[in-house]
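Quick notes on the structure that follows.
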Amino acid sequence: MEPRKDLLDIESLSSEEIEFLLKTAGPFKDLFEKSVKKVPTLRGKSVLTLFYEPSTRTRSSFEIAAKRLSADVTNFSVAASSVVKGESVLDTVDTLQAMKVDYIIVRHPASGIPNLIAKHANASVVNAGDGFHAHPTQALLDAFTLREVFPKSARKRVLIVGDILHSRVARSTSTLFRKLGVEVGVLGPGGLIPDGKPKEFKVFRSFDEAFEWKPDLIYLLRIQLERQKAQFFPSLHEYHQVYGVTNERFARVEKEGIWIMHPGPVNRGVELVDNVMRYERCLINQQVENGIATRMAVLYWLKPQTSSREAEVEV
Amino acid sequence: MSKPTLYRGGKIASEGSSRLRTADVVVDKGIITQLGAGLRAPRGSDVIDCGGKLLMPAMFDVHVHLREPGREDKETIRSGSEAAINGGVTGIVAMPNTDPAIDNGGLVQSVMDIAAEKARIPVFTSGCITRRRAGEELAAIAEMKEKGALIITDDGSPVCDPLVLRRAMEYAREFGLILASHCEVMELSGNGAMNEGRVSYQLGIPGIPACSEEICLDRDIRLAQHTRAHVHIQHVTTARGMETIRRFKKEGVKVTCEVSPHHLIFNEEDIRDYDSSYKMNPPLRTKDDNKRLLKGLIDGVFDVIATDHAPHTEFEKNQDFGSAPFGITGLETAVISLFHHFIRSGKFGWDLLVKRYSAEPRRLMGLPEAKIAKGEKAEFLVFDPHGTTRFTKQYMRSKSSNTPFLDQELEGAIDRVVLGNKVLVDRMKRARGK
């Protein structure tokens, strides 16, 4: 396995690399039960989070992951207002190059920005979500969580519900699931199920139809109404009626023992009713915990090109 | 006084025949004075050995962006015309989406004046259909025509209001002006940056659906049909759109159209890794469109080849794919890339290139064709099919180098470009005549 500088998407990962990452995350997770949760793996290395989109959860998850590996973490604040059009992201990259950081965790509303940064930086770049493109660490934590429930994931059936068009989570997670042999079905408002989706996706018209397919797990996507200029569906209320896990649908989910995942944060009463959160097969909090472990595995695995020499500064 | 020049043993390409005829050509004082086999070099002449090479009429591009006035950092009339020359193109029509937009006679005049002073080839301009290209009020159409504008267009955007376009057609028709249409339904294109499809989904880039172009194209041709105006559809990219044009042509509608080299050569698959030198509007479509557009070019749906030469600075293009501006340069790469991709492998002949990129564009603009014939003005290029060209920044004369061909080496080389008594490009080794 060749060492890799960056993690930008799921497509480019080999199955060997995926297995390595999923396997490595396990011991890191075991660490969380110990009184000292830290290992010295990245001591002396600097990790910088560069978030052009607000996200407390993902940023904190990366921060905790880096700190548990003993790295120094800096949050590079990019005020949304200062990001004027035409301002060059590459100027920022030059700044970071000069700061000699080893890892850049980047989130940006434009697809492909991490690729651009990775081309110009010696630091390892981890894509923490770019536009509609990719969210590879989310996919890895989802896969890790799936494996915890189904150690043999092949031919399991996962139904992804919601905004497939705008979701980088749907792109990355479904890609990784398919690489693990999972069968993927999708359900959502017509305009949000793009024609360009992978041919292997099974498309359902309704929840009833999807239930007949006997999914092992339902992955609910967060619906973001603010992304929609011309509406894709009339209202959140109607969305819930047609594509949400209502009380009636939850009864069926419970009866059939279907597992539930959601990348968070959850819109209660839209994607799902409150009861689902207390369902014993609801994996949402487990996903959060696994997020830290898999991100530790990612940082552990990547090899920055910042420095090959060991520290030899004399004081 | 310039000496006569004998071009010896070259193969002459023409629009009329796919067969190349080997002949010697004598140019004296800018005129082709002799043409035939085994000519004797006139006394004191330069002799150029053209064995294995081709002589063909120089090209004409009806769709280029020269960026002057307003964005002289991207291109000027001077640099853009030099780029044309470098690519074997000796006549160009500038688009009016400058800053300010060319929407009145004064601006047309000023572009013509600058061109007369700075350019070594004829540079023509188009004028806007609507004032400031805003799509609301008609621009000073008659005045621009009077000052020399060859066509009118709001290129870069469509005229969104169909009634405004209808009025423009009815008005321009009376002056014999062609309306060139950039076809796009802005609401459908939205913030799209590439073709909507499998690749846009994978890259997470908002898509521009094919129907955005096709609906507008359909609308514009129907308006031309209704108003009996001549509409010219710019940069057609979808096979379905092309079929619409074919159908209306059969019905006798005055519709002509163009295809660009990049829409024949590249498709959405090339955009992997977010390379913004593949970003233009209308966008690269599918592999199937490539194939069918090529077939359309061969069977004659497309009247002309035009590059939509659209220079942008490296700084602007070096952004994420969504933010980078639309457009790629094309003047310097058109002939060579078409040779490399199509002529070399016999997909089409030299006659097609001459017809669609030299003769027909000039006819469309109401200009005399460039011809390699006795008594004609010398306006041709010498092409070496055994040479190669690497499109480095040093090679290119455009101020910008936003082309997918940057630093690529392609088969074919333009050795010489001749216009009248001037040799505009000379990369040939010369032998002394006797």
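Chain naming here is simple, since letters A, B, ... match the order of the sequence lines and numbering starts at 1 in each. Model, not experiment: these values are computed from the prediction.
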With a 4.5 angstrom heavy-atom cut-off, is it the side chain or the backbone of A:Ile164 that approaches chain B, or both, or neither?
both

Okay, A:Asn115 and chain B: the region with an atom under 4.5 Å from a heavy atom over there is side chain

With a 4.5 angstrom heavy-atom cut-off, could you sort out which part of B:Tyr274 is near chain A: side chain, backbone, both or neither?
side chain

In terms of heavy-atom proximity below 4.5 Å to chain A, should B:Asp273 be classed as side chain, backbone, both, or neither?
both

Sub-6.0 Å ring centroid separation between A:Phe204 and A:Tyr243:
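No, they do not, as the ring centres are separated by 6.0 Å or more.
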
Pairs under 3.5 angstrom only: tabulate donor-acceptor contacts from the side chains of residues 281-288 of chain B to other protein residues two or more places apart or in another chain.
{"unit_1": "B:Asn281", "atom_1": "ND2", "unit_2": "B:Glu184", "atom_2": "OE1", "d": "3.1"}
{"unit_1": "B:Asn281", "atom_1": "ND2", "unit_2": "B:Glu184", "atom_2": "OE2", "d": "3.4"}
{"unit_1": "B:Arg285", "atom_1": "NE", "unit_2": "B:Thr237", "atom_2": "OG1", "d": "2.8"}
{"unit_1": "B:Arg285", "atom_1": "NH1", "unit_2": "B:Asn195", "atom_2": "OD1", "d": "2.8"}
{"unit_1": "B:Arg285", "atom_1": "NH1", "unit_2": "B:Ile208", "atom_2": "O", "d": "3.0"}
{"unit_1": "B:Arg285", "atom_1": "NH2", "unit_2": "B:Glu213", "atom_2": "OE1", "d": "3.0"}
{"unit_1": "B:Thr286", "atom_1": "OG1", "unit_2": "B:Asp288", "atom_2": "N", "d": "3.4"}
{"unit_1": "B:Thr286", "atom_1": "OG1", "unit_2": "B:Asp289", "atom_2": "N", "d": "3.1"}
{"unit_1": "B:Thr286", "atom_1": "OG1", "unit_2": "B:Asp289", "atom_2": "OD2", "d": "2.9"}

Minimum heavy-atom distance B:Asn402-B:Ser277, with the two atoms named
C-CB, 4.5 Å

Is A:Arg171 positioned over the aromatic face of B:Tyr201, cation under 6.0 angstrom from the ring centre and no more than 45 degrees off axis?
yes

